[in-house]
Amino acid sequence: MRPGPLRFGWLRPVGLILAAPLIAGALWSCGSTPATPSLAPEPPATGSTPSGSGPISTLRMVAGNRLIGTAVALPQLQTDTGYQEVLAREFNAVTPENALKWGPVEPAQGTFDWSGADEIVAFAQAHGQKVRGHTLVWHNQLPGWLSGGTFTSAQLGEILKNHIATEVGRYAGKIYAWDVVNEPFADDGTWRDTIWLRGLGQGYVADALRWARAADPIAKLYINDYDNEGINAKSDAMYELVKSLKAQGVPLDGVGIQAHYDLAKPFPSDIAANLRRFADLGLEVAFTELDARFQLPATESALAQQATYYGQTVSACLAVSACVGVTVWGFTDKYSWVPFSFPGEGAACLYDENLVPKAAYGAVLAALTARTP
Ligand code: 9MR
(Lines give C-alpha, C1' and ligand atoms only; values in the text may rest on other atoms or scores of the structure.)
Protein backbone atom coordinates (compact mmCIF):
# COMPACT_ATOMS: atom_id res chain seq x y z
CA MET A 1 0.00 0.00 0.00
CA ARG A 2 1.52 3.32 -0.96
CA PRO A 3 1.28 6.30 1.38
CA GLY A 4 -1.38 8.87 0.59
CA PRO A 5 -0.62 12.27 -0.93
CA LEU A 6 1.68 14.40 1.20
CA ARG A 7 1.09 18.08 1.68
CA PHE A 8 4.06 20.32 2.24
CA GLY A 9 4.23 23.85 3.49
CA TRP A 10 7.04 24.41 1.03
CA LEU A 11 6.06 27.82 -0.27
CA ARG A 12 6.32 29.71 3.01
CA PRO A 13 9.89 28.76 3.96
CA VAL A 14 11.46 28.62 0.57
CA GLY A 15 9.73 31.57 -1.01
CA LEU A 16 9.41 32.68 -4.55
CA ILE A 17 12.40 30.88 -6.04
CA LEU A 18 10.30 27.72 -5.94
CA ALA A 19 7.20 29.47 -7.19
CA ALA A 20 8.92 30.36 -10.44
CA PRO A 21 8.88 26.90 -11.99
CA LEU A 22 5.28 26.48 -10.97
CA ILE A 23 4.41 29.68 -12.75
CA ALA A 24 6.45 28.50 -15.69
CA GLY A 25 4.59 25.21 -15.62
CA ALA A 26 1.27 26.98 -15.62
CA LEU A 27 2.39 29.11 -18.54
CA TRP A 28 3.46 26.10 -20.54
CA SER A 29 0.40 24.08 -19.70
CA CYS A 30 -1.95 26.93 -20.57
CA GLY A 31 0.08 28.31 -23.39
CA SER A 32 2.47 26.93 -25.90
CA THR A 33 2.46 23.21 -25.05
CA PRO A 34 0.39 21.33 -27.63
CA ALA A 35 -2.03 18.61 -26.56
CA THR A 36 0.35 15.92 -27.81
CA PRO A 37 3.41 16.36 -25.63
CA SER A 38 5.71 14.23 -27.74
CA LEU A 39 5.26 16.77 -30.54
CA ALA A 40 5.87 19.75 -28.30
CA PRO A 41 8.80 22.00 -29.14
CA GLU A 42 11.76 22.17 -26.83
CA PRO A 43 11.09 24.73 -24.09
CA PRO A 44 12.63 28.13 -24.71
CA ALA A 45 16.05 28.82 -23.27
CA THR A 46 14.76 31.69 -21.16
CA GLY A 47 11.37 32.77 -19.94
CA SER A 48 9.70 35.68 -18.26
CA THR A 49 6.63 36.29 -16.19
CA PRO A 50 3.57 37.69 -17.97
CA SER A 51 4.21 41.10 -16.44
CA GLY A 52 7.83 40.94 -17.55
CA SER A 53 8.86 41.17 -13.91
CA GLY A 54 11.86 38.91 -14.25
CA PRO A 55 13.36 35.75 -15.65
CA ILE A 56 12.03 32.31 -14.78
CA SER A 57 14.52 29.52 -14.23
CA THR A 58 14.08 25.82 -14.70
CA LEU A 59 16.72 23.24 -13.95
CA ARG A 60 17.67 22.72 -17.57
CA MET A 61 17.90 26.45 -18.18
CA VAL A 62 20.62 26.84 -15.58
CA ALA A 63 22.45 23.55 -16.14
CA GLY A 64 24.76 24.92 -18.84
CA ASN A 65 26.59 22.04 -20.48
CA ARG A 66 25.93 19.67 -17.55
CA LEU A 67 23.24 17.05 -17.69
CA ILE A 68 20.30 17.35 -15.36
CA GLY A 69 18.39 14.16 -16.01
CA THR A 70 15.68 11.97 -14.59
CA ALA A 71 14.59 8.37 -14.78
CA VAL A 72 11.39 8.02 -16.80
CA ALA A 73 8.87 5.23 -16.72
CA LEU A 74 5.74 4.09 -18.47
CA PRO A 75 2.77 4.32 -18.17
CA GLN A 76 3.07 7.76 -16.55
CA LEU A 77 4.80 9.12 -19.63
CA GLN A 78 1.77 8.07 -21.68
CA THR A 79 -1.00 9.07 -19.29
CA ASP A 80 0.01 11.91 -16.95
CA THR A 81 0.11 15.31 -18.63
CA GLY A 82 1.41 17.04 -15.51
CA TYR A 83 4.28 14.57 -15.43
CA GLN A 84 5.00 15.17 -19.11
CA GLU A 85 5.09 18.93 -18.64
CA VAL A 86 7.55 18.86 -15.75
CA LEU A 87 9.71 16.30 -17.55
CA ALA A 88 9.95 18.42 -20.70
CA ARG A 89 10.40 21.70 -18.86
CA GLU A 90 13.00 20.79 -16.24
CA PHE A 91 15.30 18.09 -17.61
CA ASN A 92 17.79 17.92 -20.47
CA ALA A 93 18.40 14.15 -20.15
CA VAL A 94 16.36 11.03 -19.44
CA THR A 95 17.11 7.45 -18.41
CA PRO A 96 14.47 4.79 -19.07
CA GLU A 97 13.87 3.49 -15.54
CA ASN A 98 13.04 -0.05 -16.63
CA ALA A 99 12.30 -0.14 -20.36
CA LEU A 100 15.84 -1.01 -21.49
CA LYS A 101 16.45 -3.75 -18.94
CA TRP A 102 16.81 -7.33 -20.08
CA GLY A 103 13.40 -8.57 -18.93
CA PRO A 104 11.31 -6.06 -20.90
CA VAL A 105 13.66 -5.96 -23.91
CA GLU A 106 14.30 -9.68 -24.54
CA PRO A 107 11.41 -11.50 -22.81
CA ALA A 108 12.02 -14.62 -24.90
CA GLN A 109 15.42 -15.60 -26.21
CA GLY A 110 16.07 -13.79 -29.48
CA THR A 111 12.73 -11.93 -29.35
CA PHE A 112 13.11 -8.22 -28.71
CA ASP A 113 10.48 -5.69 -27.66
CA TRP A 114 11.50 -2.09 -28.14
CA SER A 115 8.09 -0.50 -27.66
CA GLY A 116 8.63 1.04 -24.23
CA ALA A 117 12.14 2.27 -24.87
CA ASP A 118 11.17 3.67 -28.26
CA GLU A 119 8.47 5.84 -26.67
CA ILE A 120 10.88 7.28 -24.16
CA VAL A 121 13.57 7.90 -26.77
CA ALA A 122 11.02 9.60 -29.05
CA PHE A 123 9.89 11.88 -26.21
CA ALA A 124 13.50 12.75 -25.43
CA GLN A 125 14.30 13.53 -29.05
CA ALA A 126 11.22 15.71 -29.36
CA HIS A 127 12.30 17.70 -26.32
CA GLY A 128 16.01 18.05 -26.93
CA GLN A 129 16.94 15.60 -24.18
CA LYS A 130 19.88 13.19 -24.15
CA VAL A 131 19.23 9.55 -23.28
CA ARG A 132 21.25 7.40 -20.86
CA GLY A 133 20.82 3.71 -21.55
CA HIS A 134 20.22 1.57 -18.45
CA THR A 135 21.29 -1.23 -18.31
CA LEU A 136 22.87 -4.12 -20.26
CA VAL A 137 24.49 -6.44 -17.69
CA TRP A 138 22.72 -6.69 -14.35
CA HIS A 139 21.62 -9.43 -11.97
CA ASN A 140 18.06 -8.07 -11.57
CA GLN A 141 15.07 -7.94 -13.89
CA LEU A 142 16.33 -10.84 -15.98
CA PRO A 143 13.74 -12.85 -17.93
CA GLY A 144 12.90 -16.31 -16.61
CA TRP A 145 14.42 -18.09 -19.61
CA LEU A 146 17.77 -16.56 -18.67
CA SER A 147 17.75 -16.58 -14.87
CA GLY A 148 16.26 -20.08 -14.75
CA GLY A 149 18.16 -21.52 -17.70
CA THR A 150 21.11 -23.88 -17.77
CA PHE A 151 23.88 -22.72 -20.08
CA THR A 152 27.51 -23.53 -20.67
CA SER A 153 29.95 -20.68 -20.27
CA ALA A 154 30.26 -20.42 -24.07
CA GLN A 155 26.49 -20.28 -24.48
CA LEU A 156 26.09 -17.63 -21.78
CA GLY A 157 28.80 -15.53 -23.42
CA GLU A 158 27.01 -15.77 -26.78
CA ILE A 159 23.70 -14.82 -25.17
CA LEU A 160 25.27 -11.75 -23.55
CA LYS A 161 27.15 -10.74 -26.69
CA ASN A 162 24.03 -11.02 -28.83
CA HIS A 163 21.93 -9.03 -26.35
CA ILE A 164 24.46 -6.21 -26.16
CA ALA A 165 25.10 -6.11 -29.91
CA THR A 166 21.38 -6.03 -30.68
CA GLU A 167 20.36 -3.46 -28.06
CA VAL A 168 23.31 -1.09 -28.38
CA GLY A 169 23.29 -1.39 -32.15
CA ARG A 170 19.61 -0.52 -32.36
CA TYR A 171 20.06 2.70 -30.43
CA ALA A 172 23.44 3.71 -31.85
CA GLY A 173 23.41 7.46 -32.34
CA LYS A 174 20.31 7.84 -30.15
CA ILE A 175 21.66 6.84 -26.76
CA TYR A 176 24.42 9.06 -25.48
CA ALA A 177 25.77 6.79 -22.73
CA TRP A 178 25.20 3.24 -21.52
CA ASP A 179 25.37 1.73 -18.07
CA VAL A 180 26.98 -1.33 -19.63
CA VAL A 181 27.54 -3.09 -16.32
CA ASN A 182 25.36 -2.33 -13.31
CA GLU A 183 26.17 -3.12 -9.68
CA PRO A 184 29.08 -5.57 -10.10
CA PHE A 185 30.07 -5.32 -6.43
CA ALA A 186 28.53 -6.53 -3.20
CA ASP A 187 28.20 -4.13 -0.27
CA ASP A 188 31.59 -5.12 1.18
CA GLY A 189 33.38 -4.46 -2.11
CA THR A 190 33.77 -8.10 -3.12
CA TRP A 191 32.47 -9.23 -6.48
CA ARG A 192 28.72 -9.71 -6.47
CA ASP A 193 27.69 -13.32 -6.94
CA THR A 194 25.65 -13.24 -10.16
CA ILE A 195 24.95 -15.50 -13.12
CA TRP A 196 27.52 -13.44 -15.03
CA LEU A 197 30.30 -13.90 -12.49
CA ARG A 198 29.50 -17.58 -12.00
CA GLY A 199 29.22 -18.31 -15.70
CA LEU A 200 31.88 -16.06 -17.21
CA GLY A 201 34.24 -15.01 -14.43
CA GLN A 202 35.35 -11.42 -13.79
CA GLY A 203 36.21 -11.02 -17.47
CA TYR A 204 32.53 -10.52 -18.25
CA VAL A 205 32.96 -6.81 -17.49
CA ALA A 206 35.71 -6.27 -20.10
CA ASP A 207 33.90 -8.44 -22.64
CA ALA A 208 30.64 -6.53 -22.18
CA LEU A 209 32.42 -3.21 -22.65
CA ARG A 210 34.17 -4.43 -25.81
CA TRP A 211 30.92 -5.75 -27.27
CA ALA A 212 29.18 -2.48 -26.51
CA ARG A 213 31.97 -0.50 -28.18
CA ALA A 214 31.77 -2.71 -31.25
CA ALA A 215 28.05 -1.97 -31.51
CA ASP A 216 28.38 1.80 -31.03
CA PRO A 217 31.80 3.44 -31.39
CA ILE A 218 30.50 6.78 -30.09
CA ALA A 219 28.40 6.06 -26.99
CA LYS A 220 29.97 6.68 -23.59
CA LEU A 221 30.37 3.37 -21.77
CA TYR A 222 29.90 3.26 -17.99
CA ILE A 223 30.09 0.94 -15.04
CA ASN A 224 27.46 1.98 -12.51
CA ASP A 225 26.97 1.14 -8.82
CA TYR A 226 25.42 2.35 -5.55
CA ASP A 227 26.86 3.19 -2.12
CA ASN A 228 30.05 4.36 -3.83
CA GLU A 229 29.56 8.12 -3.39
CA GLY A 230 32.36 8.56 -0.86
CA ILE A 231 35.62 6.67 -0.44
CA ASN A 232 34.81 3.25 1.03
CA ALA A 233 35.30 -0.45 0.36
CA LYS A 234 32.87 -0.44 -2.51
CA SER A 235 34.24 2.63 -4.29
CA ASP A 236 37.77 1.29 -3.68
CA ALA A 237 36.77 -1.92 -5.47
CA MET A 238 35.35 0.12 -8.35
CA TYR A 239 38.52 2.19 -8.47
CA GLU A 240 40.76 -0.88 -8.71
CA LEU A 241 38.57 -2.44 -11.38
CA VAL A 242 38.40 0.62 -13.64
CA LYS A 243 42.10 1.34 -13.18
CA SER A 244 42.89 -2.18 -14.32
CA LEU A 245 40.46 -1.97 -17.26
CA LYS A 246 42.00 1.32 -18.42
CA ALA A 247 45.50 -0.18 -18.13
CA GLN A 248 44.38 -3.05 -20.37
CA GLY A 249 42.91 -0.69 -22.95
CA VAL A 250 39.34 -1.87 -22.40
CA PRO A 251 36.86 0.69 -23.76
CA LEU A 252 35.48 2.45 -20.70
CA ASP A 253 34.48 6.11 -20.50
CA GLY A 254 32.85 6.65 -17.15
CA VAL A 255 31.87 5.62 -13.67
CA GLY A 256 28.26 6.01 -12.59
CA ILE A 257 27.52 6.82 -8.98
CA GLN A 258 23.89 6.08 -8.23
CA ALA A 259 23.49 8.17 -5.05
CA HIS A 260 20.42 6.56 -3.46
CA TYR A 261 20.75 8.31 -0.11
CA ASP A 262 19.16 7.31 3.18
CA LEU A 263 18.80 10.35 5.45
CA ALA A 264 19.40 8.11 8.47
CA LYS A 265 23.01 7.90 7.32
CA PRO A 266 25.40 10.85 7.31
CA PHE A 267 26.16 12.56 4.04
CA PRO A 268 29.52 11.27 2.74
CA SER A 269 32.09 14.00 3.30
CA ASP A 270 34.60 12.90 0.69
CA ILE A 271 32.53 12.79 -2.49
CA ALA A 272 34.67 15.36 -4.32
CA ALA A 273 37.87 13.43 -3.56
CA ASN A 274 36.22 10.26 -4.79
CA LEU A 275 35.12 11.90 -8.04
CA ARG A 276 38.60 13.32 -8.57
CA ARG A 277 40.39 9.99 -8.25
CA PHE A 278 38.22 8.57 -11.04
CA ALA A 279 38.74 11.72 -13.09
CA ASP A 280 42.50 11.32 -12.63
CA LEU A 281 42.26 7.98 -14.43
CA GLY A 282 40.91 9.83 -17.46
CA LEU A 283 37.31 8.84 -16.81
CA GLU A 284 34.18 10.92 -16.67
CA VAL A 285 31.82 10.51 -13.76
CA ALA A 286 28.09 11.06 -13.32
CA PHE A 287 25.54 10.82 -10.56
CA THR A 288 23.06 8.49 -12.17
CA GLU A 289 20.16 7.73 -9.79
CA LEU A 290 20.00 10.46 -7.17
CA ASP A 291 17.26 10.39 -4.55
CA ALA A 292 17.10 10.72 -0.76
CA ARG A 293 14.63 8.66 1.23
CA PHE A 294 13.58 8.84 4.86
CA GLN A 295 11.06 7.46 7.31
CA LEU A 296 7.58 8.92 6.73
CA PRO A 297 5.75 11.09 7.61
CA ALA A 298 7.69 13.95 6.07
CA THR A 299 8.65 16.76 8.42
CA GLU A 300 10.02 20.19 7.61
CA SER A 301 13.37 19.19 9.09
CA ALA A 302 13.57 15.99 7.03
CA LEU A 303 12.76 17.94 3.88
CA ALA A 304 15.42 20.51 4.76
CA GLN A 305 17.98 17.76 5.36
CA GLN A 306 16.98 16.17 2.09
CA ALA A 307 17.52 19.48 0.32
CA THR A 308 21.10 19.62 1.61
CA TYR A 309 21.80 16.08 0.32
CA TYR A 310 20.51 17.02 -3.14
CA GLY A 311 22.23 20.41 -3.21
CA GLN A 312 25.59 19.10 -1.98
CA THR A 313 25.56 16.30 -4.52
CA VAL A 314 24.94 18.70 -7.39
CA SER A 315 27.60 21.08 -6.06
CA ALA A 316 30.11 18.22 -5.75
CA CYS A 317 29.50 17.32 -9.37
CA LEU A 318 29.84 20.90 -10.54
CA ALA A 319 33.15 21.24 -8.68
CA VAL A 320 34.76 18.51 -10.79
CA SER A 321 34.96 19.16 -14.52
CA ALA A 322 34.90 15.42 -15.31
CA CYS A 323 31.45 15.15 -13.72
CA VAL A 324 29.06 15.40 -16.65
CA GLY A 325 25.90 15.77 -14.62
CA VAL A 326 23.28 14.45 -12.27
CA THR A 327 20.28 12.23 -12.97
CA VAL A 328 17.52 11.87 -10.37
CA TRP A 329 15.80 8.50 -10.08
CA GLY A 330 12.35 9.82 -10.88
CA PHE A 331 11.39 13.41 -10.09
CA THR A 332 8.10 12.91 -8.26
CA ASP A 333 7.11 11.01 -5.13
CA LYS A 334 3.97 10.05 -7.05
CA TYR A 335 5.87 7.32 -8.89
CA SER A 336 9.02 6.68 -6.87
CA TRP A 337 10.34 3.14 -6.47
CA VAL A 338 11.23 3.81 -2.82
CA PRO A 339 7.98 2.92 -0.95
CA PHE A 340 7.86 -0.41 -2.73
CA SER A 341 11.38 -1.39 -1.71
CA PHE A 342 11.49 0.34 1.69
CA PRO A 343 8.02 0.14 3.27
CA GLY A 344 7.42 3.14 5.53
CA GLU A 345 10.02 5.24 3.75
CA GLY A 346 9.59 7.56 0.82
CA ALA A 347 9.24 11.22 -0.21
CA ALA A 348 12.65 10.79 -1.83
CA CYS A 349 12.20 12.97 -4.92
CA LEU A 350 12.39 16.63 -5.95
CA TYR A 351 8.60 16.96 -6.33
CA ASP A 352 5.86 15.71 -4.03
CA GLU A 353 2.99 13.47 -5.12
CA ASN A 354 1.06 16.49 -6.41
CA LEU A 355 4.00 17.58 -8.58
CA VAL A 356 4.73 20.48 -6.24
CA PRO A 357 8.47 21.19 -5.99
CA LYS A 358 10.00 20.57 -2.58
CA ALA A 359 12.90 22.28 -0.85
CA ALA A 360 15.20 19.79 -2.61
CA TYR A 361 14.16 21.28 -5.94
CA GLY A 362 15.15 24.73 -4.73
CA ALA A 363 18.52 23.39 -3.54
CA VAL A 364 19.26 21.82 -6.92
CA LEU A 365 18.16 24.95 -8.76
CA ALA A 366 20.33 27.09 -6.50
CA ALA A 367 23.36 24.82 -6.88
CA LEU A 368 23.05 24.82 -10.66
CA THR A 369 22.52 28.56 -10.74
CA ALA A 370 25.69 29.07 -8.70
CA ARG A 371 27.85 27.02 -11.07
CA THR A 372 30.77 28.70 -12.74
CA PRO A 373 30.45 28.12 -16.48
O1 9MR B 1 13.28 2.01 -10.12
C2 9MR B 1 13.38 0.67 -10.57
C3 9MR B 1 12.14 -0.09 -10.17
O4 9MR B 1 10.99 0.41 -10.85
C5 9MR B 1 12.32 -1.57 -10.47
O6 9MR B 1 11.22 -2.30 -9.96
C7 9MR B 1 13.61 -2.06 -9.81
C8 9MR B 1 13.86 -3.52 -10.11
O9 9MR B 1 14.91 -4.00 -9.38
O10 9MR B 1 14.70 -1.30 -10.31
C11 9MR B 1 14.61 0.04 -9.96
O12 9MR B 1 15.75 0.76 -10.41
C13 9MR B 1 17.00 0.36 -9.87
C14 9MR B 1 18.02 0.60 -10.94
O15 9MR B 1 17.67 -0.06 -12.12
C16 9MR B 1 19.41 0.17 -10.48
N17 9MR B 1 19.75 0.79 -9.22
C18 9MR B 1 18.77 0.69 -8.16
C19 9MR B 1 17.42 1.18 -8.64
C20 9MR B 1 16.39 1.13 -7.52
O21 9MR B 1 16.19 -0.19 -7.10
Side-chain angles (χ1 to χ4, degrees), residues 67 132-139 153-154 156-165 167-169 172 175-259 268 270-289 316-317 319-325:
L67 298 180
R132 293 195 86 256
H134 176 86
T135 178
L136 299 166
V137 191
W138 195 28
H139 57 280
S153 178
L156 194 61
E158 273 308 305
I159 286 168
L160 181 58
K161 183 178 182 182
N162 182 57
H163 181 82
I164 291 175
E167 185 161 346
V168 176
I175 287 192
Y176 137 85
W178 277 101
D179 290 331
V180 176
V181 176
N182 194 40
E183 302 172 3
F185 295 113
D187 293 346
D188 62 359
T190 58
W191 282 80
R192 185 184 290 278
D193 181 25
T194 68
I195 67 164
W196 308 116
L197 186 72
R198 284 193 296 276
L200 303 172
Q202 295 174 7
Y204 81 84
V205 173
D207 283 342
L209 289 161
R210 290 192 181 103
W211 294 329
R213 174 60 78 237
D216 184 346
I218 304 297
K220 301 286 187 186
L221 306 181
Y222 275 66
I223 305 176
N224 190 49
D225 215 324
Y226 63 88
D227 281 350
N228 58 354
E229 296 79 30
I231 294 178
N232 57 32
K234 206 165 178 184
S235 62
D236 284 349
M238 178 71 90
Y239 181 79
E240 293 305 326
L241 172 63
V242 299
K243 189 175 161 190
S244 151
L245 292 171
K246 290 295 283 181
Q248 295 168 62
V250 174
L252 173 70
D253 300 295
V255 171
I257 297 173
Q258 293 185 8
D270 46 9
I271 288 187
N274 193 36
L275 299 185
R276 283 198 189 95
R277 68 173 171 162
F278 290 113
D280 288 345
L281 294 174
L283 293 165
E284 59 181 53
V285 288
F287 290 101
T288 53
E289 305 186 13
C317 178
V320 177
S321 59
C323 185
V324 299

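Remember, predicted model here, so these are calculated numbers, not experimental data. Numbering starts at 1 and runs along the sequence shown.
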Legend entry - Exercise: identify the closest heavy-atom pair between Ala219 and Ile175: CB-O, 3.9 Å
Inset, instruction - Please list, chain by chain and in numerical order, all residues satisfying side-chain hydrogen bond (donor to acceptor under 3.5 Å, both in side chains) with Asn232, sequence neighbours excluded. - result: Ser235
Legend entry - Distance in Å, Cys323 SG paired with Ile257 CD1, rounded so as to fall on 0.5 Å steps: 7.5 Å
Inset, instruction - To the nearest 0.5 Å, tell me how far Asp179 CG sits from His134 NE2. - result: 6.0 Å
Inset, instruction - Not counting sequence neighbours, which residues clear side-chain hydrogen bond (donor to acceptor under 3.5 Å, both in side chains) with Arg276? List them please. - result: none
Legend entry - Evaluation steps, salt bridge (charged side-chain N to carboxylate O under 4.0 Å, His left out), between Asp236 and Arg277: CA-CA 10 Å; Asp236 284 349; Arg277 68 173 171 162; 2.9 Å; yes
Inset, instruction - Would you confirm whether the ring centroid of Phe185 sits within less than 6.0 angstrom of the ring centroid of Trp191? - result: yes
Legend entry - Point-to-point distance, once rounded to the nearest 0.5 Å, from CD1 of Ile164 to CG of Leu160: 4.0 Å
Legend entry - Test item: Phe287 and Ile271 side chains (from C-beta on) under 4.5 Å apart, heavy atoms: yes
Inset, instruction - Examine the side chains of Gln258 and Asn182 and answer whether a donor and an acceptor come within less than 3.5 Å of each other. - result: yes
Legend entry - Gap separating the CD atom of Glu284 from the NZ atom of Lys220, nearest 0.5 angstrom: 5.0 Å
Legend entry - Contacts of Ala322 that satisfy side-chain contact (heavy atoms from CB on, under 4.5 Å) - sequence neighbours left out: Ala279, Val320
Legend entry - From Asp227 atom CG to Asp187 atom CG, the distance as rounded to the nearest 0.5 Å: 6.0 Å
Legend entry - Asn274 and Glu229, any side-chain heavy atoms less than 4.5 Å apart: no
Legend entry - Heavy-atom closest pair, residues Ala215 and Ala172: O-CB, 4.0 Å
Inset, instruction - Taking all heavy atoms of Tyr226 and all of Arg192, pick out the closest pair and write down the distance. - result: OH-NH2, 3.1 Å
Legend entry - Closest approach of Ala237 to Gly189 (non-hydrogen atoms, all atoms of both residues): CB-O, 3.2 Å
Inset, instruction - Tell me, please, which residues at least two apart from Phe278 pass ring pair (Phe, Tyr, Trp, His ring centres under 6.0 Å). - result: Tyr239
Inset, instruction - Indicate yes or no: does Lys243 engage Asp280 in a salt bridge with an N to O separation below 4.0 Å. - result: no
Inset, instruction - Determine, stepwise, if the pair Leu283 / Asp253 fulfils side-chain contact (heavy atoms from CB on, under 4.5 Å). - result: CA-CA 5 Å; Leu283 293 165; Asp253 300 295; 5.6 Å; no
Legend entry - Side chain to side chain, Val324 and Tyr176, heavy atoms closer than 4.5 Å: yes
Inset, instruction - Please lay out, stage by stage, how Leu136 and Val168 fare under the test side-chain contact (heavy atoms from CB on, under 4.5 Å). - result: CA-CA 9 Å; Leu136 299 166; Val168 176; 3.5 Å; yes
Legend entry - Under 3.5 Å side-chain donor-acceptor pair for Gln248 and Ser244: yes
Can I get a per-line list of side-chain donor-acceptor pairs under 3.5 Å for residues 195-208, giving both atom names and the distance, sequence neighbours left out?
residue: Trp196; atom: NE1; partner: Trp138; partner atom: O; Å: 2.9
residue: Arg198; atom: NH1; partner: Asp193; partner atom: OD1; Å: 2.8
residue: Arg198; atom: NH1; partner: Asp193; partner atom: OD2; Å: 3.3

Inset, instruction - Verify, without hydrogens or angle tests, whether Arg213 (side chain) and Leu221 (backbone) share a donor-acceptor contact under 3.5 angstrom. - result: no
Inset, instruction - Indicate yes or no for a side-chain donor-acceptor contact from Thr194 to the backbone of His139 under 3.5 Å, with no hydrogens or angles considered. - result: no
Inset, instruction - Could you check if a side-chain atom of Val255 sits within less than 4.5 angstrom of a side-chain atom of Ile223, using non-hydrogen atoms only? - result: no
Inset, instruction - Assess whether side-chain contact (heavy atoms from CB on, under 4.5 Å) is satisfied between Met238 and Lys234, documenting all intermediate values. - result: CA-CA 6 Å; Met238 178 71 90; Lys234 206 165 178 184; over 6 Å; no
Inset, instruction - Please identify each residue that fulfils side-chain contact (heavy atoms from CB on, under 4.5 Å) with Thr190, with sequence neighbours left out. - result: Ala186, Asp188
Inset, instruction - Please lay out, stage by stage, how Glu289 and Asn224 fare under the test side chain to side chain donor-acceptor pair (under 3.5 Å). - result: CA-CA 10 Å; Glu289 305 186 13; Asn224 190 49; 3.3 Å; yes
Inset, instruction - Report the C-alpha distance between Trp178 and Leu209 in whole Å, list the side-chain angles of each, state the deciding distance to 0.1 Å, and finish with yes or no for side-chain contact (heavy atoms from CB on, under 4.5 Å). - result: CA-CA 10 Å; Trp178 277 101; Leu209 289 161; over 6 Å; no
